[in-house]
Every structure is written in structure tokens, then in C-alpha cells.
Amino acid sequence: MTPNKLISLLTDFGLQDGYVGAMHGVIYSICPEARIVDLTHGVPPQNVEAAAFLLRAHSRYFPHGTVHVAVVDPGVGSSREIILAVDDRYFYLAPDNGLLGFLQGRPGVRFYAANNPDYWLPAVSNTFHGRDIFAPLAAHIASGVAIEAMFRPKEHIHRLPEAGAEDAGHEIRGRVIYHDRFGNLITNISRAAVGEREPQLVLFGDELRLPLVNSYASVPVNAPLAIWGSFDYLEIAVNHGNAAQEFQADRKKPVILKLRG
Amino acid sequence: MTPNKLISLLTDFGLQDGYVGAMHGVIYSICPEARIVDLTHGVPPQNVEAAAFLLRAHSRYFPHGTVHVAVVDPGVGSSREIILAVDDRYFYLAPDNGLLGFLQGRPGVRFYAANNPDYWLPAVSNTFHGRDIFAPLAAHIASGVAIEAMFRPKEHIHRLPEAGAEDAGHEIRGRVIYHDRFGNLITNISRAAVGEREPQLVLFGDELRLPLVNSYASVPVNAPLAIWGSFDYLEIAVNHGNAAQEFQADRKKPVILKLRG
Amino acid sequence: MTPNKLISLLTDFGLQDGYVGAMHGVIYSICPEARIVDLTHGVPPQNVEAAAFLLRAHSRYFPHGTVHVAVVDPGVGSSREIILAVDDRYFYLAPDNGLLGFLQGRPGVRFYAANNPDYWLPAVSNTFHGRDIFAPLAAHIASGVAIEAMFRPKEHIHRLPEAGAEDAGHEIRGRVIYHDRFGNLITNISRAAVGEREPQLVLFGDELRLPLVNSYASVPVNAPLAIWGSFDYLEIAVNHGNAAQEFQADRKKPVILKLRG
């Protein structure tokens, strides 16, 4: 696949300390024609599961040939490897801590591990590989340097513990895995899992029965609802309100989608 | 007017969830030569009035031909339309919920409504038209696709309830409509409304008399002041301090500018 | 030195109010081929010392010819000057309030003061020189306008009170000067100051003895540690935790690096 000089960055660095700006500087130093998209730098600190969820959800909206860089890296400075995944659409660069586990099994995907410091910054700190290793590697990939010059093939990568919902035929049982700025609670029940069956209603926790609707405005202001969200997963929201505040965004609270047929 | 391939984005999406990054991805997929400016994504959630205030204030600093996209859209998924305004300087794309009401009456402005899904993403979610409709439309406009291919003309658009100050000759009576990161309280009393009259002082709430000065440093540290701010509206501030914290940024508190002549 | 059309912005404006977006608009209006990096806009409001620390730390990762713009400017609207520093790598534009003091004494550096309003916006507000003066000057510099057309030479600039650590031979005594998003406490003890001596351990406050390690993962989860951070200064952190929350990020608390040899 041919890189398109577009690089997306997803980290838990936040924007206040200039860490992200330094990564931009490094990228432009190596690949002046790069275009950089800050996919997000607001991943909850060291939350690899959230990073994987957001990367999987958003990366597919980019043009083919984009280099997606994801740095949520509690093991920085330890012996964890830095890995690259290449499929027929994108390059993905991340620490080998499960963040790219969702790519395993995709048709045609190949994995690599970074093994050539000639393509890193000359001085590598112990704590900021985003700037010193990830940014230069991404810029070199975008510039068209051969993958084999910078990486060796790698068979197995780490995966996160499976977080799928449980399908019981007449219902799908899941849980909340993320909540966004608006307080929408995003579950691990995917639209694709429903198949031909017809959704009836959603049970949230022990007491709440929610209608599954097509728009927030389908229920009165301040009323709760369930909806297929923009990630194509079931979400729980409050019309004009904040579900994460109203309910506790407790990850253990069960969410059940009742089905017919 | 000819688009200049610059697209500005103003939303209430925040930066933490990657929603904005996905919009960038969609835009670059359609218009690879686009340049994107994040005007702000920190509009208070679902606050259409604040969005309109910030869009009107900041959009005029962009080069002619810019496509300004503003998505603060509590009615997403309902039947509200997506509208385009074109004047002799800019394109403005927003939901028809009053956000673009301030453009009505401008000389030469024309309004349109989006009516051709061929120029949207193939799958449109119920909750994220920013990514699925607004971003592709903006990218197609910037690429030079004819407006008529994507929109139909529209006569009337929604307006927000008027929020103007009241001019009583010897004084102008207004209120606080926004406060910024520094805690500066921005009122709806515009510099243009003063005309030839000479400002004397500012009354804030029932008790406070503030001098109208030319720089924060004109008063002692921690003293309050009134000043013509960068929006060309009257602002109330505290030198080296935070007026929104010190006073309550109560929207009902009256602000009166006393005038002579 | 030749500008490379790259402009970095470092301010305390935050991202919520659109102030930064307006600066982008002004820059693109003057220099359409500019590339803009938001180094950070999260400097604590009016904290010139933090701004200088971040600018010094991050600016060196940019390609030569970059224009670095830093606007943390409590004196905006007063008589403070706007200054430019040029060395053999970069242009630096900032208010003359000590922010660029760290450049004084660098080989080959020259200082200038802005003196030609023809290169500013036609209407200059009292409160937002970032948009009205800094952004247009940066864009004109990046476009290749001669420095002498916009600035006059200036001999002396303001410096911040010295914040260096104290070297007592067998130990270096410093303090915390910044903490980042992860809660890492960054001190003013630089790695370069250690020289040939061998670090033994770190004393923090009166009671805490911390090991100096090479990675967060070298200590148990939730244990405190000292590490040479990515700024090449001594940092105090907690593995998988937040040191700024755990300890008080008190700027007066002493940090002592014990040395041998």
C-alpha cells in the first residue's frame, strides 16, 4: 500500500503540556509535506481499552494510505515492543500492549516490530517515545521509506481480554464501555450482532426500561432513551441531558437488548 | 464566489472522543488539498446562541472563500434541515436552528437547503451528521462542486430570539451573554451602538460601578474594570483575575453603560 | 535564516473560545501556504514562567526556519513591547515580559522590537494582540518579508528571575516548577548539571526518599519514583499514578538529588 502523507495521532497526552506539538515538529522535520490530524489526545490516561475502541471506530473514515499512530503506553521504557500493522487500507503504529489486538485476524494484515534505531531520534528518552520513536517512524513511513528497513516481521501481538457482548438468542447482554463528552453511554452491543431479529426494548441496570428510538428528539426533553449511535453500537442517552451524570456510568451495570424473531 | 479550499469547523463536540478527528478524515478523503482550521469545538453543549456569537465574531478573520461549518445541533436526527448561506465572502453550513440567523438581511446573502444524499456519506447515522453530512458537503463545496447540485434554494431560515441591548439615549442597558476562558464577561453592548456619545462608566448589577479603561493594567491588580474587548463588545474583567469566578456570571444581571452627549 | 512557512503557536488562550481559530484565519489570510502547529494553548493563564519552560523545551524539535509565536501576555494593552528573537535556527515572537529571556546569551541571537503597524491588522484591539499583531507579524515573517521592514533592533530584553537549581557538589538542590497532565512533577534539576557525578537517590520534601530509575515500570504499581524525564530534567512520578495529586505539587517543597564522586 502507498502512503498518502496523512498521519493521524491518537494519544492520552492531552493538549496542555506541548507533548503533541513536539510530535508535530518532529514529523514536519522529517516529512515537510505531511498533513497531520489530531484524532484525539484525550484518551483517559493509560486506558488502552478506550484507545483501541476509539481507534477502531474512527480510523476507517480516513483516506487509504493514512498512517494511524496510537500512543497509550503505560509500559514506556520497559521492554514492550513498538509494532506496526499493515492491511490493505492503513498503517497502524502502536505499542504492543493490546491496542492493535482488534486487527488480528483481518484479511491480509501483517505485523512488524520496530528494530532499527537509525530511524528514531538520535537521543531517545525513557518516557516520551511518542516524540522520539513513534513520530519519526510515522514520518518515515509517510515519506515512503521501505517498511523492511525499519521493522522486522512479527508473528504474534498482544490482545486485550475479550470485551464482547453475550448473545442469548432472545436477548443480547452487554455493558457500558465508554462515555463521551455529551455523557452518552456507549455499550459493547453492536448493531451487526442483531442480524435479522427485531429489537424490542433495552433494559439498563435492574430497574430501567428504555425505548430504542431513531433520534434524541423522539422522547421528551430530559427523558432517557436507547439509540444506535454513530459508532454503530447501542448507546444510552438523555434527550438534552447527560446520561453519564444522571445514571452512574458504572461499567458493571448490565445492559440488555431484548429481541423478537 | 470561489472556494479557497479552507474549511473552518465550529462545534460542541469537544476534542476528547475523536468525533472531530473523524470529520477531518472524511474531509481529506473527499478533498485531499483541503486545509482545516478548528475554530473551536468547545461551545457549551447544545448552546446555539453561544455558537452563533462565536461564529459571527471569528469568521470574518478568515480569507474570502472559506467554508465555515458550524454544528451545534440538538435536533440531529429530527426533521430540521441542513442549510447553506452564501454571501460575497464566505460559505456557512449549519443546521437550521437559528445558528445562521444573524446572516439574514446581509446584502447579497442567499440561503439553500441540502437535498441530495449523493453528496453525503453512503451510511448516515442518526446522531452524527457532522461526520456523515456536514463534513462531506463542506469538502465538496471546497472542491468546487456546484451548489445547485447539492442544495435547493430556501427562502426563510430560523432565527434566534433577539438578544440586543436596549438604548435609552443616556444609557445602554444590556446583559452578559458569554464568558471566556479567562473569566471575562462579554456583554451584548456593542461599541458600534455608542456612536458619537461619550461613555462615562459602567454599572454592573445593583452595586458595582466600573471604570471603562483601555487596558487591564489601567487598574490595580485584582481590581474590576470594563473594557471594549476583542469582539468589539463591552466586557467586564478583573486585572490579573477571573471575573466569572469573582462575580457570578449570571445572565440576568443587568449591565448598564452610562453615556454623555 | 530562511523561513520555512511553518508557524508554531503557544498561548494561554485555551481552545474553547475560538481565539486560536481566529489567529489561524489571520495567518492563512496573509500567508495561504503556511502550516500551523498548535504547540499548546493550555499554558496556565498568565503564567509566563511556564510558557518560557514549555517553549524552551519543545521548540527545538521543529525544523529550522520555523516561526515560534508565544503569547502569554498579562500586560497586553500596556506599553510593553512586542519582540522578535532570531538565532541560527528559529524566529521567536513574544511580548517583552521575560518569556524570551532564556535566549539571551545564545550565540548569534539578535533581538528586535515591532515598530511598523503597516504589518498589523488595520484595527488593533486593546485586549487581543495575538490576533491583531502577533498573527499578522508571524505570517509576514513566514512569507519572507524583511525583518527590518517590521522591526527595529533592540539591545536589552526583559528576563525572568533566575530559577536555577543550586549545586552543592555532593548534592543538587532544586524545586518543582511544572506538573503535566499525568501529574508528573518536573523539577529545575537538569541532567546536564550532573556531569560526571553519579546520582544516588532523590529526597523529596522532608520525608521521602525516591529511587532514580529508568522506567516507570521499574517500581511497583502506585510506588513513587524519580526519573530523567523527556525534558531532560529530573521528574517525580508515581507508576500508573498521579504524583501531583498524591503529593502536593507545592512549588516550595525542596527536591534534592544526592550525588557521589
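Lettering of chains follows the sequences in order, A, B, ..., and the numbering in each one begins at 1.
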At a 4.5 Å cut-off on heavy atoms, which part of B:Asp12 comes close to chain A: side chain, backbone, both, or neither?
both
Side chains of A:Asp180 and B:Tyr19: do they bring a donor and an acceptor to under 3.5 Å?
yes
Side chain from CB out, backbone as N, CA, C, O: work out which of these in B:Leu121 comes under 4.5 Å of a heavy atom of chain A, or both, or neither.
side chain
With only heavy atoms counted, which part of B:Arg131 is less than 4.5 Å from chain A, the side chain, the backbone, both or neither?
side chain
Please work out which of the three classes, parallel, tilted or perpendicular, describes the rings of B:Tyr178 and B:Phe53, given edges at 30° and 60°.
tilted
Heavy-atom pairs under 4.5 Å with chain A: which of B:Pro45, B:Gly75, B:Pro74 has the most?
B:Pro45
Report which part of A:Arg35 has an atom under 4.5 Å of a heavy atom belonging to chain B: side chain, backbone, both, or neither.
side chain
So, do B:Leu137 and B:Met150 sit near enough that their side-chain heavy atoms are less than 4.5 Å apart?
yes
What are the two closest heavy atoms between B:Asn116 and B:Ala149, and how far apart are they?
ND2-O, 3.0 Å
Test side-chain hydrogen bond (donor to acceptor under 3.5 Å, both in side chains) applied to A:His68 - qualifying residues, sequence neighbours left out:
A:Ser8
Does A:Phe204 have its ring centroid less than 6.0 Å away from the ring centroid of A:Phe247?
yes
Largest heavy-atom contact set with chain A, pairs under 4.5 Å, which of B:Ala135, B:Ser29, B:Ala22
B:Ser29
B:Val76, part contacting chain A, at a heavy-atom distance under 4.5 Å:
both
Looking only at heavy atoms, the pair that brings A:Leu9 and A:Ile7 closest together is CD2-CG2, 3.9 Å
Hey, which residues of residues 218-232 of chain A are touching chain B, say heavy atoms under 4.5 Å apart?
A:Ile227, A:Trp228, A:Gly229, A:Ser230, A:Phe231
Engaged part of B:Ser125 at the chain A interface, taking heavy atoms whose separation is under 4.5 Å:
side chain
Take A:Arg181 and B:Gln16 through the test side chain to side chain donor-acceptor pair (under 3.5 Å) and record every step on the way to the result.
CA-CA 7 Å; A:Arg181 184 206 194 196; B:Gln16 74 195 37; 6.0 Å; no
Using the side-chain contact (heavy atoms from CB on, under 4.5 Å) definition, which of the options A:Ile256, A:Ile177, A:Leu234 pairs with A:Ile189?
A:Leu234
Structural part of B:His41 lying under 4.5 Å from a heavy atom of chain A
backbone
Taking NE2 in B:His158 as the centre, count heavy atoms belonging to other residues, nucleotides or ligands within less than 6.0 Å. Is the count above 12?
no
